[in-house]
Engineer: 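This is the structure I have questions about; it appears just below.
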Amino acid sequence: MNARLAILPATGLSARLAIEDQAEDAGLVQPDQRLTCPVHRRWIHQCVASPVHVNQVTRHRWCRRCACALPVAVDELTATVTIQCPNCQAGGSAATDRLITACQRSIAAARGLRAPAAA
């Protein structure tokens, strides 16, 4: 994530949406680095399972080998996010890895904790 966004304190959802909307419009952050969803107006971990978040081209939640959308399991208690193909047990991609990281950071931000910097 952009260093300027990484140092922001955790904020409420409304404020974070506004900050990320502006940062994305200014080219400071990429859409898959956001902790909030501009479509659903929620924390990304709360809506990542929506079909809207499947993209065959970028391979966000898409298994190329099996040509299927990848299901998502989000455990907010342990901040664990799993995205795995039910057919081949793989299906991962760099895009899906970024989405998992964004979801984990989103959980932390929703809890009011400082979201850890992206690896």
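When reading the values below, keep in mind they use all heavy atoms of this one structure, side chains included, and skip hydrogens, waters and symmetry mates.
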Engineer: Strictly distance-based, threshold 3.5 Å: is any side-chain N or O of Thr80 a donor or acceptor partner for the main-chain N or O of Glu76?
Structural biologist: no

Engineer: Test of understanding: clusters of I, L, V, M, F, W, Y form through side-chain heavy atoms closer than 4.5 Å, transitively. Do Ile100 and Leu70 belong to the same one?
Structural biologist: yes

Engineer: Are the side chains of Val52 and His40 in contact, using a 4.5 Å heavy-atom criterion?
Structural biologist: yes

Engineer: Test side-chain contact (heavy atoms from CB on, under 4.5 Å) on Thr36 and Ile19 and set out the steps.
Structural biologist: CA-CA 10 Å; Thr36 61; Ile19 290 166; over 6 Å; no

Engineer: Just so I know, are the side chains of Thr82 and Asp75 near enough to count as touching, which here means a heavy-atom distance under 4.5 Å?
Structural biologist: no

Engineer: Using a 3.5 Å distance criterion without hydrogens, assess whether the side chain of Gln33 forms a donor-acceptor pair with backbone atoms of Gln30.
Structural biologist: yes

Engineer: Give a yes or no answer on whether the side chain of Thr96 reaches the backbone of Arg59 with a donor-acceptor pair at less than 3.5 Å.
Structural biologist: yes

Engineer: Is a donor on one side and an acceptor on the other found under 3.5 Å between the side chain of Ser50 and the backbone of His53?
Structural biologist: no

Engineer: Are the side chain of Gln84 and the backbone N or O of Ala90 linked by a donor-acceptor pair below 3.5 Å?
Structural biologist: no

Engineer: CZ/Arg111 to CH2/Trp43 distance, rounded to the nearest 0.5 angstrom?
Structural biologist: 12.5 Å

Engineer: Nearest 0.5 angstrom please: Leu99 CG to Gln104 CD, how far?
Structural biologist: 10.0 Å

Engineer: Within the distance-only criterion (no hydrogens, no angle test), does the side chain of Arg64 pair as donor or acceptor with the backbone N or O of Gly92 below 3.5 angstrom?
Structural biologist: no

Engineer: One thing to verify: whether Asp21 and Arg41 come together as a salt bridge, which I'm taking to mean a side-chain N less than 4.0 angstrom from a carboxylate O.
Structural biologist: yes

Engineer: Taking atom CG of Asp32 and atom OG1 of Thr58, what is their separation to the nearest 0.5 Å?
Structural biologist: 7.5 Å

Engineer: Side chains of Arg34 and Ile44, heavy atoms from C-beta outward: is any pair under 4.5 Å?
Structural biologist: no

Engineer: Give the intermediate values and the outcome of side-chain contact (heavy atoms from CB on, under 4.5 Å) for residues Val54 and His60.
Structural biologist: CA-CA 6 Å; Val54 175; His60 287 86; over 6 Å; no

